[in-house]
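Worksheet for the structure shown next.
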Amino acid sequence: MPQMTMVQAINLAMKEAMREDPNVVVLGQDVGQDEGVFRVTEGLLKEFGPDRCIDTPLAEAAIAGGTIGMALAGMKPICEMQFDGFSYQSLHQIEGHARRFRNRTRGRLSVPMVMRFPYGGGIRAIEHHSEAPEATYAHWAGLKVVLPSSPRNARALLRAAILDPDPVIYMEPKAIYRAFREEVPEAPETMPIGKARIARAGKDMTIISYAASLRAALEAAETLEDEHRIDAEVIDLLSVSPLDSDTINASVRKTGRAVIVHEAPRHCSVSGEIVARIVEESLLYLEAPIKRVTGFDTAIPFFANELTYIPDAGRVVKAALETARF
Amino acid sequence: MPQMTMVQAINLAMKEAMREDPNVVVLGQDVGQDEGVFRVTEGLLKEFGPDRCIDTPLAEAAIAGGTIGMALAGMKPICEMQFDGFSYQSLHQIEGHARRFRNRTRGRLSVPMVMRFPYGGGIRAIEHHSEAPEATYAHWAGLKVVLPSSPRNARALLRAAILDPDPVIYMEPKAIYRAFREEVPEAPETMPIGKARIARAGKDMTIISYAASLRAALEAAETLEDEHRIDAEVIDLLSVSPLDSDTINASVRKTGRAVIVHEAPRHCSVSGEIVARIVEESLLYLEAPIKRVTGFDTAIPFFANELTYIPDAGRVVKAALETARF
Amino acid sequence: MPRETMTIAQKVESIRILSPDGTVDKKLEPKLPDEDLLGLYKTMLSSRLFDERCFMLQRQGRIGTYGPTKGQEAASLGFAYCINNNDWFVPAFRETAAMLYRGWPMSTIMLWWGGHEIGATPPKGLNDLPICVPVSSQCQLAMGISWAQKLKKTKDVTLVFVGDGGTSEGDFHEAMNFAGVYKLPLVQVIQNNQWAISIPRHAQTASPTIAQKAIAYGFDAFQVDGNDILACIVAGQEAVKKAREGGGPTIIEAITYRLGVHTTADDPKKYRKDEEVKEWEPKDPLIRFKAYLEKKKLLTDAVETKLREEIRLKLDEATAVAEGYRASKTEFFEYVYAEMTPELRKQKAELEEYLAHGAKPSHANELSRV
Amino acid sequence: MPRETMTIAQKVESIRILSPDGTVDKKLEPKLPDEDLLGLYKTMLSSRLFDERCFMLQRQGRIGTYGPTKGQEAASLGFAYCINNNDWFVPAFRETAAMLYRGWPMSTIMLWWGGHEIGATPPKGLNDLPICVPVSSQCQLAMGISWAQKLKKTKDVTLVFVGDGGTSEGDFHEAMNFAGVYKLPLVQVIQNNQWAISIPRHAQTASPTIAQKAIAYGFDAFQVDGNDILACIVAGQEAVKKAREGGGPTIIEAITYRLGVHTTADDPKKYRKDEEVKEWEPKDPLIRFKAYLEKKKLLTDAVETKLREEIRLKLDEATAVAEGYRASKTEFFEYVYAEMTPELRKQKAELEEYLAHGAKPSHANELSRV
Ligand SMILES: Cc1ncc(C[n+]2csc(CCOP(=O)(O)OP(=O)(O)O)c2C)c(N)n1
Ligand SMILES: Cc1ncc(C[n+]2csc(CCOP(=O)(O)OP(=O)(O)O)c2C)c(N)n1
Ligand SMILES: [Mg+2]
Ligand SMILES: [Mg+2]
């Protein structure tokens, strides 16, 4: 099995889908000749030509709206927003059209598209390049919102997203684009969207996270084990819509304690939803308040100070200890 | 003290501010000659002329962006989005600029604007005219998100919003625009933004709500009292950002039980945040799981079926009884 | 350079063929089969009478807000006539005449205005999108559809509508720019009916014509008399032919007039003078087309009476079908995704339990009672 | 009508005054004071050397990604020269020369690229917005600012910049349309540097010139040689004068070329030929302006050497100031609102506790170490 980075894995998933299905096309700013500002679309123009890997003008709502139109007309388009912060320019097309067509036409029309973009902070980028907008998309029913955490699941989930009959927003944690390699099987594989993964089994407490924050969660779990003899279970959500309540609640019922970790701001975020789901299903199992280790309710600072904002393992450990000692 | 509807109260607050401060202007589609599609801007063009009450072309991002520009240049603009569902067209300007200027210029520049729009369902309107997008705005730090529930607080909060040095999103529950009248004092009054109100005092359980849903909450409280001898306290949030955790937690610590009611969809909503805030502060006081009576995680149905979707008193009573009997 | 006024390569042509009194410009007159001409007239009349029926249904509380298209029948129908079923048709919300011509059942359109999703469900066999509410957002979808047509190497085209007001939106601009860059088989009709609710055309944009906006995107445009169905057809056929042959997009500004209210919720007395309406009334596309057909001996009073009677029967039937429609109260959970998620199943059960246990239905969801 | 090609009332004029070899068109030459000419040259040179310094700082890891403006100095500076401090200046992100001219300290601009909010803080006394990242979104802000200027009946104007790529965004369209409708005192400069990252100008829009997009909004435009500072100044002065006198907005397309990388993160070899760059190098605005000043005997090698030395000292000083800047780790809580909310106070305390209790600072936040 080849070792690859997340960038390579995402690239591979697109190539596989494009080879299998001529209706799969990739479009976005600089995805062709330039092969993407992160080189995620490397080789696509060369292999599939300019009708399958399409460089577009600079207009996010047109990229999104055009993609929706292609999907309505029977294609399987994958569009790229160059950065998380510019996906906001296209929100009205996603909210107003992508997510609604199946319902408003009682299933007659549907929008099998994928919108993918680099997600989150941690790479010393300028303003508007480090956004974590998953709660905004997750709030809108009709979309699926997927955030991979490793090369292997990135590839499997992107394949699932492309095969999915509904619109999927696929956010790529850019801080770990090339942070590590992982073995990826030769044959294309897929994973169900909406199913969380136990990234580390444990019995004393549940740490719930996703995307790049998962690394802080896992690192914290090691510290908790090594330094405090606390055996934490770490859940990797992989999708925040649908949200896998069952896996979350099963774990919390076992451990009685939970910490949630994400880099998006806290107010009205995914972590609030998770707390509500736990309280609805498992209140009586809770032995301590649930802690949220998240981005703060500010804009993410300019990059010189961004790591103060993004949760690190230390903050997770601190919260976990407070939870354990409650 | 005159009796007035919410439409009249909002109108009055704008007139008062415009009389006091020549920098206050109102702009939007059909706000002038037509006096607004709901007549909220009645009389403004006549009294203040076309330089203070400005009819605009049909472009929400320009209305929002232009408003931000005016605010940066020292004015106090109030823009209207004709309906909740079209505010999405301007999200990138609000997210990318309105909420960020104070922080990114370390206080040198600020954006003292108000964006107001009719909010929510219940008036048999066509698609995209019945949206409840408060969670989307509340998630973005730097904005304040206000939702009045009666004529008197609508007027006081709009005044507060206009006087506020930061951008305020002011959502007007259109289902109660003219549903009832309330006495409003002669003199202009204001209310602090971010402070909730005890709409009904009680001791057995806390029902938390806002905007038009407050009526379902209050009606449910009456039924609970009359038919089940449950004395519910009802909290009217008035603002979902900032969110008044103190008032919520003080009440829940007293009652031990909570039900949250809003018409927006549930996933990653304000109700999730409220549950998290209660769990963080008051877990040990909870005697039952917190129930959420909300819009479902679908698009709001077309109007023939919209009332099935919007929480009514019956659904609140059902949830409250389950909570009480837990 | 050094300093000179530049010549603009793009061109805007204006067309009128039928004058308001029904006189035809023989040189420009398109040769259309008699049965087509009569069919077009019947559709225009159907649309007009559909408007009247819906107006009444709204006033009686049997449907919700209704947006009439009175006066604009030619400006949608003329273009719809130029495409076929394989082509895509993307309306805004004032294209009733074109939708009827495409084959949308009257009852379906009524159900849309009656607040039912089934009214947004295109009939099988048509490549149509439903009515679109967010102004101009449909231009992006149509652009994407025409892009798919081009990428799939079909010979199909996409016909899309927007209002004069809609041209101010960013979506219009972005869609037109993409259409120009990729030379998409797209025909963008602008129904310039002089008003966007209360905003008059001159306050919507400082550009003296809307057609000339095509110059910004590097392609040509037409400005046609939108109350002259023959002019609409001639411009539409040329634009469709160009699109089909790979010549790229065209903008067609159809100058027309909204003779009625914006919607039944609107009171135009607040913002426009009766005289203006009076001035436009004689330019009504139906009057003009009728006079033309009468001169051609295709239409007589007897035929007109028969047509009206036929349409009335169809309207009665459609009203009955629409009012007979019963929507499930909980089916809105079923179409969020191809498969319901566990959370949605839970929420649906929650609602079903509530509805089953004697919870009084909070409202009527039948068309006849809303 | 009946069928004719329409005449377009709006006009686009092209201007070039200085040819690449420094020869001036005497008829068009603006009369500028000698000290202004030399000041302009010094600013252009400062900008060029600032670019080189920042490039080096980036390569050494002392600032983050940097976006050079090499080759485009005239196309921002020429226009900034035409306005005064009361006027508003709204940059995109490739207007370093203009920002320096306006009075932004070099250290402040460095701090922006170094990842500090203080770098986005306009110096007191200037009506300037900071660098704007979301392409074209600044056009809406500038439109609003110029609207305020008009409503307040000032005689001030707003100067705003966008790139060729930026003209494809909906924000550009909407802002220009509003500017036309309200006849705002707005000068919209488009720095057409032929590329938007890897997308060449011809793939950005099918319109043969960008200037002609003004026709869509009902006002006039210039297309100027953007590497000819005199042409920029002449067009800028006319547009500013028109705006000040209530004549409304102007679009100015400045034809220039991005001689360098898009940003330090970019590799132009992937998408453009070296020959193209070679072709543009002799058209460099500095070469041309220098030749002109030499012919006018305003500039000699000795003066040039002295200027370069002065600028080098200022750059050293600015680098030291920027690298000496120490940001508070938690002040980002303080500027979310005029007053911190209770929740923010809580979150700030949470972080302070973490930072205080021996939590290793997770990274360096000093300019010199990022
Ligand atoms: C994005 C958006 N903004 C506002 C509205 C509300 N609205 C509905 S129709 C309309 C006017 C549209 O004018 P025009 O495009 O000229 O079409 P017409 O109504 O004249 O057919 C407005 C403002 C909307 N539906 N969508
Ligand atoms: C809304 C938005 N989309 C995408 C980007 C990423 N991006 C930064 S610069 C750029 C190209 C801009 O091209 P142009 O407007 O011609 O300006 P230039 O870089 O040539 O100065 C892109 C795509 C962005 N900053 N903002
Ligand atoms: Mg119109
Ligand atoms: Mg460029």
Exercise. Test A/Asp297 against D/Val336 for side chain to side chain contact (heavy atoms under 4.5 Å, CB included), laying out the working first.
Key: CA-CA 9 Å; A/Asp297 288 322; D/Val336 184; over 6 Å; no
Quiz item: Would you say A/Phe86 and D/Val133 make side-chain contact, with heavy atoms under 4.5 Å?
Solution: yes
Exercise. Mind telling me whether A/Phe296 and D/Phe332 have parallel, tilted or perpendicular rings, with 30° and 60° as the class edges?
Key: tilted
Quiz item: To the nearest 0.5 Å, how far apart are CD1 in A/Ile126 and OH in D/Tyr66?
Solution: 12.0 Å
Quiz prompt | Contact leader toward chain D among A/Glu35, A/Gln29, A/Gln89, where contacts are heavy-atom pairs under 4.5 Å | solution = A/Glu35
Exercise. Rounded to the nearest 0.5 Å, what's the gap from CD on D/Glu331 to CG on A/Asn305? Could you check?
Key: 8.5 Å
Practice problem: Quick one: list whatever passes side-chain contact (heavy atoms from CB on, under 4.5 Å) with D/Ala75, sequence neighbours left out. | Solution: D/Gln191, D/Ala254, D/Thr256
Quiz item: Residues of residues 162-172 of chain D under 4.5 Å from chain A (heavy atom pairs)?
Solution: D/Gly165, D/Gly166, D/Ser168, D/Glu169, D/Asp171
Quiz item: Could D/Glu350 and A/Lys291 be called an ion pair, given the rule that one side-chain N must be under 4.0 Å from one carboxylate O?
Solution: no
Practice problem: Determine, stepwise, if the pair A/Lys318 / D/His357 fulfils side chain to side chain contact (heavy atoms under 4.5 Å, CB included). | Solution: CA-CA 10 Å; A/Lys318 178 168 177 288; D/His357 284 67; 5.9 Å; no
Quiz item: Using non-hydrogen atoms only, which part of A/His129 is less than 4.5 Å away from chain D: side chain, backbone, both, or neither?
Solution: side chain
Quiz item: Between atom CG of D/Leu351 and atom OH of A/Tyr309, what is the distance when rounded to the nearest 0.5 Å?
Solution: 11.5 Å
Quiz item: Taking only residues two or more places apart in sequence, or in another chain, which ones meet A/Asp226 in a salt bridge (charged side-chain N to carboxylate O under 4.0 Å, His left out)?
Solution: none
Practice problem: Look at A/Asp34, A/Ile300, A/Val37, A/Val317 and state which one has the largest set of heavy-atom pairs under 4.5 Å with chain D. | Solution: A/Asp34
Practice problem: Report the distance from atom CG of A/Leu307 to atom NZ of D/Lys329, rounding to the nearest 0.5 Å. | Solution: 8.5 Å
Self-check item: A/Lys46 NZ: over 12 foreign heavy atoms closer than 6.0 Å
Solution: no
Quiz item: Taking non-hydrogen atoms and a cut-off under 4.5 angstrom, which of residues 47-64 of chain A neighbour chain D?
Solution: A/Asp55, A/Thr56, A/Pro57, A/Leu58, A/Ala59, A/Glu60
